[in-house]
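Right, one structure below, let's go through it.
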Amino acid sequence: MHFYKLMYKLRRMEIAADMMYKAKFIRGFCHLYDGQEAVLTGIEAAITLEDSIITSYRDHCQHITRGGSVKELMAELMGKSEGATRGLGGSMHIYNRKTNFYGGNGIVGAQIPLGAGIALAHKYRGEPNVCITMYGDGAANQGQKYEALNMAGLWNLPVIFVCENNHYGMGTAEWRAAKSPNFYTRGDYIPGIKVDGMDVLAVKHAVAFAKAYALANGPIIMEMDTYRYHGHSMSDPGSTYRTRDEINAMRTERDPIERVKKLLLANGVEAGELKRADKDVKKEVDDAVEAAKAGTIPPDSWLWRNMYVAPLGAEMRGVLPGQYRVPDFDPEYKT
Amino acid sequence: MLPGLLQQARTHGVLCRLPRLTAAIRGFASAQSEMTVRDALNSALDEELARDDKVYILGEEVGEYQGAYKITRGLLQKYGADRVKDTPITEAGFTGIAVGSAFAGLKPVCEFMTWNFAMQAIDQIINSAAKTLYMSAGQINCPIVFRGPNGAAAGVAAQHSQCFAAWYSSVPGLKVLAPYDSEDARGLLKAAIRDPDPVVFLENEIMYGQAFPVNAQVLDKDFTLPIGKAKVMREGKHVTLVSFSKMVGYCLKAADHLSKEGVHCEVINLRTIKPLDKDTLLASIKKTHKMVTVEEGWPQCGVGAEIAALMQELAFDELDAPVLRVTGAEVPMPYAANLEAAALPQVDDIIKVVKSIL
C-alpha cells in the first residue's frame, strides 16, 4: 500500500509539474519521471537513507523519496525561496545532504564517476553502505562511465550502477545510439542484471540482492527496463521519434501503478481505500502547488550566498564596475 | 582564521611571525636551510596526510612510480595504498571520483600529471566541484585540491605547455593558487588542503628543482599562508611588477638589473589568482603609479588583462602610464629551443617594457 501511495504521489506530482510548466509557472528545463516511478520506489524500499543516491537532471522524485516534501519540490520548480534548494538550483539541481542525496546533476553522465566517488567515501570510512548511481540509456554510452566502471572494479567500490533504460536518450532510440543495447552486459567483467523496471517488487528484490553483492564484492550494474510517458523534457512532445501507440500500449499493459493497484485489489484491499488514498495524494499535490504559487521569491542578497564555505574576504564583482560583494556562507538562509 | 596565519614582513625572503604564547620557542628561529619546491610540496603533503585521515591523494603514477615529478615520493610507502591511489590514465573518471568522494566528506588531493590533461576532466572541476555548493543552497561542499604542473616546461611543445590560470580564475566557486618559491609551495598547499572549498593549485615544473631558503617557521607542520593575499617580494617606488609562479623570479631578476640603473621596482607575487588581492595591488599603484604585469599565458583575457582592467577601473587617477602586460606570445608553443624562448617572456623583455613607461 505504501508503494502504491508513494508512486501515485510521484505520478501526480510530475503531472502537476507538467501543468505548471505549460502555465509558465516553471521556467527553463523540466524533465519528468512519470512512468518510471517503480524504479525509484523499488530502489528506496531495498536501501536506507544511510545509503547514498545520485542521479541526473530527472531528479524530482528523489527529493520525495529522500525525505523532502512535494511543497518544497514545487516551490523549487517555481524558483521560490521555500524550494528544496531555495530557488537557486531549479528543476535539475535538487539535493539533500542530510539524507545522502547528491543531486540533481545537469551534465549527462557526470554523475557516474561522482557516484563511484561517493561509494569510495563509504568504503574508506568502513561504512556498510552503497551508492546508487542512476543514469539513463543515453548516458550509458559516455566514456566517463567506463572510466568509473574500471576504477570501481579495480578498487571494489560499493557502487550500484543503475541504468534506467527508458529506451530513448532524449530523442534517439537506444538501437540508434548504442551498438550493444544490452546495457546490463556493458560492464564486461562487472556483473549486471536486467530488471523489469515497471514492477516495483521486482526492483526491490533485485536491489536488495545488488546491495548485498556490492558490499561483499564491489560494483554491479542493474538495467531497469522502464519507460517515460513524457518526452525528454517539457520542450519535447515525445512524439516525433516514437508512436502514440507505443506510449498508450505502455500505459495499458505495463503501467507500474496500475500493476500494484491490481495486486492490491486482488489481495483484499478495498477499492474504496485506494480511492481515499488517491484523494489524499491529489489534495497534497494540489495544496503544494498552491503553496508554491504563493511562495516568496528569493531576496537579492541570496545571489551572493554560499559560493564558498570559507569566502576569506573574496570580493566577487557584480554587473557594474566597482560593485563588489563578499559572499557569505549561510546554508540555513537565516536572512 | 587559518592556523599558523603569518604576518608578512615586507623584506624580500625573510619572514617574521608574531610570537604566540602557545608556540614552542625556537632558539634557532633565524636559522636558514634550503629546500627545493619539490621537497616543499612533498613535505606539505606528508604533513597533511598525517594530520587528517580524511586526506588522500590520487592521480597517475603518484604511488609506485613515486610521482611523475617525484612530488609524492615516499608517500605510498608511508601511508599505504588506500591513501595514495594510483589511477588509470582516465582523467574524467578519476576526477569525477575524487569530486564525488569530496562531496561525501573526504579530502582528496587530485593530481594531474600536467594541467593540460585536466582539460579532459574540466567538466568535473567546474560543473561539479565549483558550482555544487551554490546549486545545493549551501548543503554540499567540495573540499578538494586539484594540483599539478601548469604552463610551459622545456621543449614539451604545444599540447603540454599551456597556462590555465586565466581560465580557472574566472570561475566563481573555485580558489586558484600559484606558488612561486618553497615557502609559497608549503604554505599555500597546506592552506589549500585545509580549505573547505575546491582549490586549483597551479605548480610549475621548472620550479620543482629550485631551492630556496626556508626557516623554522616555514618548516613548522602547521605553517600555512593566507589564501587571497599577495606578497610584496621587494619594495620599490618607480614601478610595480606583478606576476605569479616562475615569472616572479624573472621579475626579481629584472628588478635587480634595473636597480643598478637607479630604477626601483616593487615586485608583487600574487600567490593567489582567485580571489585576486586587489588591496595589495592598489596600495602599490598608489605608490608607484606605474604597473607592468608578467605572465607566461596567452594575452587575450589573461590574468594581466584582468589586472589592467581592475587598475584602470579602480585607480585611473593614480596611473601615470597605461598598465602594460608582458605575456606569452599568442602562438601554440613551438618545439625548437629558440622559438620556444621567443614565445615566452624573458628577463630582458620585462626590463624593456619597464623602461618604455618610465
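Just so it is clear, the structure is predicted and the values come from calculations on it, not from any experiment. We name chains A, B, ... by the order of the sequence lines, and we start the count at 1 in each one.
Between A:W155 and B:D86, the shortest heavy-atom contact is CZ2-O, 3.4 Å. The two atoms that bring B:D82 and A:Y124 nearest to each other are O-CE1, 3.6 Å, heavy atoms only. A pairwise comparison of heavy atoms in B:S128 and A:L114 identifies OG-CD1, 3.7 Å as the closest pair. Across all their heavy atoms, A:M151 and B:P88 have their closest contact at CG-CD, 3.5 Å. Of all the heavy atoms in B:V171 and A:Y308, the pair that sits closest is O-OH, 4.3 Å. Of all heavy-atom pairs between A:M307 and B:P172, the closest is SD-CB, 3.8 Å.
Among A:T85, A:N100, A:N105, the residue making the largest number of heavy-atom pairs under 4.5 Å with chain B is A:T85. Interface remark: of the candidates A:A110, A:G89, A:C131, A:A110 forms the most heavy-atom pairs closer than 4.5 Å to chain B. Taking B:M135, B:K85, B:K131 one by one and counting their heavy-atom pairs under 4.5 Å with chain A, the maximum is reached by B:M135. For chain A, the option among B:P143, B:A104, B:P275, B:G93 with the highest count of heavy-atom pairs below 4.5 Å is B:A104.
A:N306 places no side-chain N or O within 3.5 Å of a backbone atom of B:Y134 that could act as its donor or acceptor partner.
The number of heavy atoms from other shown groups lying within 6.0 Å of CD (B:E64) does not exceed 12. The local environment of CG in A:L303 is crowded, with over 12 non-hydrogen atoms from other residues, nucleotides or ligands closer than 6.0 Å. In this structure, A:Y189 places its OH atom where more than 12 heavy-atom neighbours from other residues, nucleotides or ligands lie under 6.0 Å away. The environment of NZ in A:K80 is crowded: more than 12 heavy-atom neighbours from other residues, nucleotides or ligands sit within 6.0 Å. The number of heavy atoms from other shown groups lying within 6.0 Å of CD (B:Q300) does not exceed 12. With a 6.0 Å radius and a threshold of 12 heavy atoms from other residues, nucleotides or ligands, B:Q77 has its CD atom above the threshold. Within 6.0 Å of CZ on A:F29 lie no more than 12 heavy atoms contributed by other residues, nucleotides or ligands.
Heavy atoms of B:L310 lying under 4.5 Å from chain A belong exclusively to its side chain. Looking at B:Q139, both its backbone and its side chain come within 4.5 Å of chain A, counting heavy atoms on both sides. If you measure heavy-atom distances from A:N150 to chain B, the contacts under 4.5 Å come from the side chain alone. In this structure, the portion of B:L314 lying under 4.5 Å from any heavy atom of chain A is its side chain and not its backbone. Only the backbone of A:R305 comes within less than 4.5 Å of a heavy atom of chain B; no side-chain atom from C-beta onward does. In this structure, the portion of A:L154 lying under 4.5 Å from any heavy atom of chain B is its side chain and not its backbone. Within the 4.5 angstrom heavy-atom criterion, no atom of B:D277 approaches chain A. Contacts of A:A84 with chain B are made by backbone atoms alone, with heavy-atom separations under 4.5 Å and no side-chain atom involved. For a residue to count as touching a neighbouring chain, one of its non-hydrogen atoms must lie under 4.5 Å from one of that chain's; by this rule A:D330 does not touch chain B. No part of B:T95 comes within reach of chain A, as not one of its non-hydrogen atoms sits under 4.5 angstrom from that chain.
Of the inter-residue distances, the one linking A:H93 atom NE2 with B:T132 atom OG1 reads 8.5 Å to the nearest 0.5 angstrom. In this structure, the separation between CG on A:L157 and CD1 on B:I97 is 6.0 Å, given to the nearest 0.5 Å. The structure places CD of A:Q144 at 12.5 Å from CD of B:E91, a figure rounded to the nearest 0.5 Å. Distance check: A:E147 CD to B:F94 CZ gives 9.0 Å after rounding to the nearest 0.5 Å. A distance of 5.0 Å separates CG in B:D123 from CD1 in A:I107, rounded to the nearest 0.5 Å. Here the NZ atom belonging to A:K123 is positioned 13.5 Å from the CG atom belonging to B:L106, to the nearest 0.5 angstrom.
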Original post:
Do A:I54 and B:F103 pass the side-chain contact (heavy atoms from CB on, under 4.5 Å) test, and can you show the C-alpha distance, the side-chain angles, and the key distance before you say yes or no?
Top reply: CA-CA 11 Å; A:I54 190 169; B:F103 287 162; 5.6 Å; no
**OP:** Check the pair A:R317, B:E306 against salt bridge (Lys or Arg N to Asp or Glu O under 4.0 Å), reporting the backbone distance first and the verdict last.
**Re:** CA-CA 12 Å; A:R317 215 198 91 143; B:E306 172 64 19; over 6 Å; no
Original post:
Is there a side-chain contact (heavy atoms from CB on, under 4.5 Å) between A:L312 and B:D197 once you walk through the steps?
Top reply: CA-CA 11 Å; A:L312 303 175; B:D197 297 309; over 6 Å; no
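The shortest side-chain heavy-atom distance between B:Y56 and A:L120 falls under the 4.5 Å cut-off. At a threshold of 4.5 Å between non-hydrogen side-chain atoms, the residues A:E315 and B:L276 do not count as touching.
Under the 6.0 Å distance and 45° angle rule, B:K278 counts as a cation-pi partner of A:Y324.
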